[in-house]
Amino acid sequence: MTHIEIVEMDGQLLEGIGSFCLRSKKKSEGYKGKNKWLHQQFEKDLRYVQLVEDHQQVGFIEYTDAEYSSRVVHADGYIIIHCLWVSAVGKGYGTQLLQKCIDDAKQRGKKGVAVLTNDQTSWTPSKALFLQHQFQLVATAPFDFELMVYPFSEDVELPYFPENWHERLTGYHNLTILRSFQCPYVEVATENILAAASKLDISVDLIEIQSRDVLMEKSPTPYGIFSVIYKGQLISFHRLTVHSVYKKLQTLLEEPV
């Protein structure tokens, strides 16, 4: 008989079971960076919950108070979901993990739960699951970002995005990477940018995001933890191949000043 268990991770369990993403490469800098980041965020009450079926990891959800979130959204009093991923659809894995988050938020007296989605990339959760569970679309931002919210009452203030996205981009002329290790794949994404830039002899400014204040002020997208900007234009907010980065940079190099 199938046995499914919801495991809420802490520092000790993390050392034993490990984080979910990139677990096949536990010696990689991205994996180690994610685990270090998780240890730091556990102290701020971040929840990292894995779904285990017959001793196999089949999904996880990561969420935290908006005040400590890695997403660029104003949502005081809400829980923000960073990630939700399952190994198979149609088995109710996503529903179980999402319900765990909603129940936690209600028990803690929160206003509701919010999540950032983007249909153009797998780097954010798919909005289909949230629409099935009465989440509503309350805001959009450039580059196809959407803010989905499940408020617990009708009279609470809804979360919202900043509005100065274009202004944020224009502040970067050099090739610039802003990043944090909320996602372990950020390291590989960074390496691909550096490799393409090297081929074109372009120097790179690498900015490590160390606080939510910096994130809220400087990130040019709601995703927050990875942005690549060149000549005031967004190159990417997710991992690209070296070839894709090369083509994008080369096109911008050829544009008249």
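We're numbering straight along the sequence, starting at 1. Values below: all heavy atoms of this structure, side chains included; hydrogens, waters and symmetry mates excluded.
To the nearest 0.5 Å, the span separating CG on Leu178 from CD on Glu208 amounts to 9.5 Å. The CD atom of Gln56 sits 11.5 Å away from the CD atom of Gln50 when rounded to the nearest 0.5 Å. Note that CD of Gln132 and CG of Leu98 are 10.0 Å apart. Values are rounded to the nearest 0.5 Å. Rounding to the nearest 0.5 angstrom, the gap separating the CG atom in Leu131 from the OG1 atom in Thr117 is 8.0 Å. How far OG1 of Thr251 is from NZ of Lys231: 10.5 Å, rounded to the nearest 0.5 Å. Taking OG from Ser198 and CG from Leu200, the interatomic distance works out to 9.0 Å, rounded to the nearest 0.5 Å.
Following chains of ILVMFWY side-chain contacts shorter than 4.5 Å, one cannot reach Leu97 starting from Met9, and the two form parts of different hydrophobic clusters. No path of Ile, Leu, Val, Met, Phe, Trp and Tyr side chains, each step under 4.5 Å between heavy atoms, connects Phe152 with Leu147, placing them in separate hydrophobic clusters. Taking hydrophobic clusters as Ile, Leu, Val, Met, Phe, Trp and Tyr residues chained together by side-chain heavy-atom distances below 4.5 Å, Leu158 does not share a cluster with Ile102. One hydrophobic cluster holds both Leu169 and Leu206 under the rule that ILVMFWY side chains link at heavy-atom gaps under 4.5 Å. When hydrophobic clusters are built by joining Ile, Leu, Val, Met, Phe, Trp and Tyr residues whose side-chain heavy atoms come closer than 4.5 Å, directly or via intermediates, Val58 is not grouped with Val52.
For the pair Gln96/Leu51, a side-chain contact is recorded, criterion being any heavy-atom separation below 4.5 Å from C-beta on. Side-chain contact between Tyr63 and Ile80: absent, with no pair of heavy atoms (C-beta onward) separated by less than 4.5 Å. When side chains are defined from C-beta on, Pro162 counts as touching His74, because their heavy atoms get closer than 4.5 Å. Using a 4.5 Å heavy-atom threshold, the side chains of Tyr31 and Lys25 count as separate. The shortest distance between side-chain heavy atoms of Phe135 and Val113 falls below 4.5 Å. In this structure, the side chains of Trp37 and Ser70 come closer than 4.5 Å at one or more pairs of heavy atoms. Looking at heavy atoms from C-beta onward, Val204 lies in side-chain contact with Ile177 at the 4.5 angstrom threshold. The shortest distance between side-chain heavy atoms of Phe161 and Val72 does not fall below 4.5 Å.
Of all the heavy atoms in Val245 and Ala196, the pair that sits closest is CG1-CB, 3.4 Å. Shown here for Ile81 and Cys101, the closest heavy-atom pair between the two residues is CG1-SG, 3.8 Å. Taking both residues in full, the closest heavy atoms of Glu157 and Tyr78 are given as O-OH, 2.7 Å, listed atom of the first, atom of the second, then distance. Listed here is the closest heavy atom pair of Cys183 and Ile225: CB-CD1, 3.4 Å. Closest heavy-atom contact between Ser236 and His238: OG-O, 2.6 Å. Considering all non-hydrogen atoms of both residues, His133 and Leu129 come closest at ND1-O, 2.9 Å.
In this model, no donor atom of one side chain and acceptor atom of the other lie less than 3.5 Å apart for Gln41 and Gln182. For the 3.5 Å distance criterion, the side chains of Asp103 and Gln99 qualify, holding a donor opposite an acceptor. Side chains of Tyr68 and Asp45: no donor on one and acceptor on the other come within 3.5 Å. Judged purely by distance below 3.5 Å, without hydrogens or angles, the side chains of Glu53 and Tyr93 pair a donor atom with an acceptor atom.
Contact check on Arg108 versus Asp104 returns no salt bridge, with no Lys/Arg side-chain nitrogen under 4.0 Å from an Asp/Glu carboxylate oxygen. A salt bridge does not link Lys36 with Glu29: none of the charged nitrogens is closer than 4.0 Å to a carboxylate oxygen.
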Q: For Gln233 and Lys248, run side chain to side chain contact (heavy atoms under 4.5 Å, CB included): C-alpha distance rounded to whole Å, both residues' side-chain angles, the deciding distance at 0.1 Å, then the answer.
A: CA-CA 10 Å; Gln233 296 190 41; Lys248 286 176 175 281; over 6 Å; no
Does Ser211 form a side-chain hydrogen bond (donor to acceptor under 3.5 Å, both in side chains) with Asp213? I'd like the steps, not just the answer. CA-CA 5 Å; Ser211 71; Asp213 288 343; 5.1 Å; no
message: As a quick check of understanding, evaluate ring pair (Phe, Tyr, Trp, His ring centres under 6.0 Å) for Tyr48 and Phe60, giving each step before the final call.
response: CA-CA 7 Å; Tyr48 190 77; Phe60 81 101; 5.4 Å; yes
message: Is there a salt bridge (charged side-chain N to carboxylate O under 4.0 Å, His left out) between Glu62 and Arg47? Walk through the geometry before answering.
response: CA-CA 6 Å; Glu62 177 184 304; Arg47 307 297 171 92; over 6 Å; no
Original post:
Hey, mind stepping through Lys34 and Phe181 against side chain to side chain contact (heavy atoms under 4.5 Å, CB included) and telling me if it holds?
Top reply: CA-CA 5 Å; Lys34 172 66 176 184; Phe181 277 104; 5.6 Å; no
So Asp65 and Lys44, salt bridge (charged side-chain N to carboxylate O under 4.0 Å, His left out) or not? Walk me through it.
CA-CA 8 Å; Asp65 292 350; Lys44 299 175 182 177; over 6 Å; no
Practice problem: Determine, step by step, whether Ile229 and Ile235 satisfy the side chain to side chain contact (heavy atoms under 4.5 Å, CB included) criterion, reporting the C-alpha distance in whole Å, the side-chain angles of both residues, the deciding distance to 0.1 Å, and the verdict. | Solution: CA-CA 5 Å; Ile229 313 105; Ile235 302 299; 5.9 Å; no
task: Verify side chain to side chain contact (heavy atoms under 4.5 Å, CB included) between His82 and Ser69, making sure each step is shown before the conclusion.
output: CA-CA 8 Å; His82 285 160; Ser69 169; 3.4 Å; yes
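Lys127 places no side-chain N or O within donor-acceptor distance of the main-chain N or O of Asn118, the cut-off being under 3.5 Å. Panel note: side chain Thr190, backbone Val186; a donor-acceptor pair is recorded below 3.5 Å. One N or O on the side chain of Thr176 and one on the backbone of Asn174 form a donor-acceptor pair closer than 3.5 Å. Not a single donor-acceptor pair under 3.5 Å links the side chain of Arg179 to the backbone N or O of Ile207. When atom types are taken as modelled, the side chain of Thr95 and the backbone of Gly92 share no donor-acceptor pair closer than 3.5 angstrom. Although no hydrogens or angles enter the test, the distance criterion places a donor-acceptor pair under 3.5 Å between the side chain of Asn192 and the main chain of Leu240. Between the side chain of Arg71 and the backbone N or O of Tyr223 there is at least one donor-acceptor pair closer than 3.5 Å. Listed for the Arg212 side chain is a donor-acceptor partner under 3.5 Å among the backbone atoms of Ala66. One N or O on the side chain of Glu67 and one on the backbone of Gly77 form a donor-acceptor pair closer than 3.5 Å. Side-chain atoms of Thr170 never come within 3.5 Å of backbone atoms of Gly232 as a donor-acceptor pair (strictly under, hydrogens ignored).
Screening Ile61, Val115, Val49, Thr124 against Leu84 for a side-chain contact (heavy atoms from CB on, under 4.5 Å) leaves a single residue, Ile61. A ring-ring contact (aromatic ring centres under 6.0 Å, His included) with Phe237 holds for exactly one of Phe226, Phe143, Phe145, Trp123; it is Phe145.
Side-chain rings of Phe130 and Tyr150 stay apart, their centers remaining 6.0 Å or farther from each other.
Open room surrounds CD on Glu167; 12 or fewer heavy atoms of other groups in view lie less than 6.0 Å from it.
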